[in-house]
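Take a look at the structure below.
Convention: sequence-line order gives letters A, B, ...; per-chain numbering from 1.
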There are 2 protein chains.
Amino acid sequence: MPVTIKDVAKLANVSPSTVSRVIADHPKISDETKKKVFEAMQKLNYYPNAIARSLANKSTKTLGLILPNAEEDLFINPFFIQAMRGISVYAQKKGYYIMYTYSNNENEEIDFIKNYIYSKWVDGIILLTARENDRCIEYLKDNEKYPFVVVGRPEKSDGILWVDNNNFKAMYDVVNYLINKGHRDIAFIGGPHTLNVTRDRLDGYLRALKVHGISVDEKLIYEQVDFTEMKGYEAMMEILDYKEPSAVVTTDDLIAFGVLKAIKEKAANKIAVVGFNNTPLAEYQQPKLTSVDIKAEELGYYAAKLLIGKLENEDIGTNHYIIDTELIERESTL
Amino acid sequence: MPVTIKDVAKLANVSPSTVSRVIADHPKISDETKKKVFEAMQKLNYYPNAIARSLANKSTKTLGLILPNAEEDLFINPFFIQAMRGISVYAQKKGYYIMYTYSNNENEEIDFIKNYIYSKWVDGIILLTARENDRCIEYLKDNEKYPFVVVGRPEKSDGILWVDNNNFKAMYDVVNYLINKGHRDIAFIGGPHTLNVTRDRLDGYLRALKVHGISVDEKLIYEQVDFTEMKGYEAMMEILDYKEPSAVVTTDDLIAFGVLKAIKEKAANKIAVVGFNNTPLAEYQQPKLTSVDIKAEELGYYAAKLLIGKLENEDIGTNHYIIDTELIERESTL
DNA sequence: GTGAAAGCGCTAACAG
DNA sequence: CTGTTAGCGCTTTCAC
């Protein structure tokens with residue numbers, strides 16, 4: 001028999017609503033009664049029933065997370081667990097709870113989203129992956145007009161909350177860094193062109209070359225269909241058949257691993273390589289791989305901040321946050 | 001204005017209680033009314049309000065997960081994300097939701113547990129780490145008598161639900177495998193002796209030697225305070241100062257990485273090395289590291305199964321599951 | 001088989 | 001500032 005607000009009210013000699021107001025930290029309540037109530041709560045070891053509050057408030061203070069199941073690098077790339085931690089840190093700070101669910105595909109994701117929304121479990125949703133033409137985003141935006149935030153800038157970002165790195169700048173800086181080290185023949189190997197991140201990073205690459213007056217060699221640019229070691233390897237092998245660049249930038253560590261492998265097999269000279277995401281594996285490559293840390297935990301943290309801000313009607317004055325990346329220099333660019 | 005059970009009732013020309021019974025799949029309800037109700041639900045696009053159900057049922061069909069924040073290898077070792085996926089898979093199957101929270105230390109963990117329990121958010125709790133003398137386990141067992149399950153066998157396991165690998169057997173098999181390959185001087189480097197897993201694995205090691213009539217050399221046995229590359233390196237360096245074993249077994253990949261490093265620096269002959277946990281990094285070592293896959297996803301899956309079984313009063317007839325490990329052979333033992 | 005009514009524990013007008 | 005009252009949406013006795 002758990003203790004309820006009524007028990008507290010009785011002991012403190014006030015009405016249930018007064019207790020309720022104390023819980024909610026309502027402004028106009030005398031310090032005296034506040035104290036009385038707190039004492040009663042203490043004595044009875046009272047905890048508010050969150051479910052009952054949620055029902056009355058029509059708000060659960062809970063965020064729903066949708067995790068992709070299919071991602072190849074779910075386990076290799078600690079992105080998700082890091083982002084989840086960042087989300088948790090901010091949510092805790094604001095007294096929010098988090099639910100998560102894995103989905104196997106886009107359809108399932110939509111089902112889960114529907115379920116979260118219609119069953120009233122969550123107040124808002126965090127999407128941890130921005131696919132191209134993401135049906136979930138579309139669904140949430142158009143059909144439901146439900147509060148949500150996307151990690152990764154969506155194609156059409158107007159009216160949508162999102163957080164992302166500045167992928168243009170991140171790659172621009174990388175290439176700039178290489179150029180300053182004297183590199184001129186710099187190859188680019190990225191993921192599918194359909195992804196925002198690939199395009200942004202490619203643009204950063206192109207811009208850096210342009211700024212330094214280095215002409216672009218299309219044969220040094222590859223956009224693969226997957227972020228896999230194999231694809232990186234294949235692209236690099238083709239590049240090496242054409243010519244030996246002095247440096248290679250990639251949009252994912254896995255691609256970079258493949259590049260390193262190809263270089264070991266085939267290249268005569270030392271070629272600088274830069275990865276992306278700074279996965280734990282980067283440090284274990286030979287040579288240790290220089291990589292761009294995308295700060296997944298911060299991405300999660302600010303995603304939660306954006307969403308909770310919206311839920312609480314704070315006027316944050318922005319619909320997105322840009323998280324700075326950090327280049328982690330290792331042997332592969334020395 | 002969301003659609004409620006009343007709206008459905010009105011449209012179907014029945015009472016709310018009838019609709020409720022249909023939702024709960026109550027036995028004595030005529031097929032005819034059932035159909036009527038379903039149609040009405042369809043037409044109105046009705047979804048039951050989970051919060052209201054939870055309040056009335058005094059059950060949320062939600063499991064609470066406590067994740068440690070401090071674990072060094074939280075990001076390197078995909079254990080947690082894999083276990084979380086396993087939990088999610090089973091929970092989804094049974095219509096359960098999952099909440100998670102990160103804690104920074106044992107005290108915080110207890111606070112979070114209390115919060116989950118008292119606020120009535122969750123029906124049961126999953127602990128993803130079994131520390132020695134775990135206060136959370138104690139608390140849950142003694143103070144709360146709350147349904148929970150532990151991943152990792154607790155010290156006193158009576159009356160507690162848990163899942164774990166058979167660590168004794170896993171290590172026994174590893175050592176046996178090495179002996180069958182002709183190894184005789186086999187070193188053991190483990191984590192702290194206070195942990196169940198270390199002791200179990202050590203026992204497996206000792207037993208295998210004994211069965212084959214190989215005498216134990218205490219100087220080849222190390223139990224380090226941490227599962228870190230550094231500790232593995234240090235232990236291996238000391239071992240090599242003493243003598244060159246022909247093989248080394250460890251209780252964690254990170255330790256094994258340190259061992260490989262020490263061997264590279266110092267050993268004259270090839271020494272076989274086996275890791276534990278089969279982290280993604282294992283495949284990227286030089287040589288590629290043979291390691292024991294502990295099947296984290298299955299651990300999570302069965303943890304959820306055990307807990308949900310208890311919540312639904314199914315008599316599973318056991319308070320634990322033992323998950324088989326799998327030796328992943330790679331270059332380091334060839 | 002089905003309906004009426006009370007209640008799960010809390011909140012929020014509305015009064016005072 | 002505080003109490004009264006009527007819900008939030010669903011479940012569940014208890015009748016019929």
Can you measure A:His26 atom NE2 to C:dA12 atom C1' for me and round it to whole angstrom units?
9 Å
Under 4.0 angstrom, heavy atoms only, what part of the nucleic acid is A:Ser54 near: base, sugar-phosphate, or nothing?
nothing
Here the distance between atom C1' of C:dC10 and atom NZ of B:Lys120, to the nearest Å, is 13 Å
Whole angstroms only, please: what is the CD1-P distance between A:Ile29 and C:dA12?
13 Å
Does the side chain of B:Pro154 come within less than 4.5 Å of B:Asp134's, by heavy atoms?
no
From CH2 of B:Trp121 over to P of C:dC10, roughly how many Å is that when rounded to an integer?
13 Å
With sugar-phosphate meaning primed atoms plus P, OP1 and OP2, does B:Lys28 contact a base, only sugar-phosphate, or nothing at under 4.0 Å between heavy atoms?
base
Please identify which of these residues, A:Ile322, A:Leu306, A:Leu307, meets the side chain to side chain contact (heavy atoms under 4.5 Å, CB included) condition with A:Val163.
A:Leu306
Distance, rounded to the nearest Å, where A:Met41 contributes CE and C:dC10 contributes C1':
13 Å
Just by modelled atom types, is the A:Tyr102 backbone N or O under 3.5 Å from a matching donor or acceptor in the B:Gln92 side chain?
yes
Report yes or no: do B:Ser17 and B:Ser20 form a side-chain donor-acceptor pair below 3.5 Å?
no
Between the side chains of B:Glu312 and B:Tyr96, is a donor N or O closer than 3.5 angstrom to an acceptor N or O?
yes
Validation row: A:Lys61, A:Leu311 side chains within 4.5 angstrom (heavy atoms)
no
How about B:Lys310: does its NZ atom have over 12 heavy atoms from other parts shown lying under 6.0 Å from it?
no
Would you mind reading off the distance between B:Ile51 atom CD1 and C:dG7 atom C1', rounded to a whole angstrom?
18 Å
Which atoms of nucleotides 10-14 of chain D (N or O only) lie under 3.5 Å from a protein N or O atom, and what are those distances?
from   : atom 1 : to      : atom 2 : distance (Å)
D:dC10 : OP1    : B:Tyr46 : OH     : 2.4
D:dC10 : OP1    : B:Asn49 : N      : 3.1
D:dC10 : OP2    : B:Ile5  : N      : 2.5
D:dT11 : OP1    : B:Arg53 : NE     : 2.7
D:dT11 : OP1    : B:Arg53 : NH2    : 3.3
D:dT11 : OP2    : B:Ser20 : OG     : 2.6
D:dT11 : O5'    : B:Ser20 : OG     : 3.4
D:dT11 : O3'    : B:Asn57 : OD1    : 3.4

Whole angstroms only, please: what is the CG-C1' distance between A:Leu55 and C:dC8?
9 Å
Whole Å only: how far is the CG atom of B:Asp7 from the P atom of D:dG9?
9 Å
Nucleotide nearest B:Ser15 (side chain, heavy atoms from C-beta), chosen from C:dG9, D:dT2, C:dA4:
C:dA4
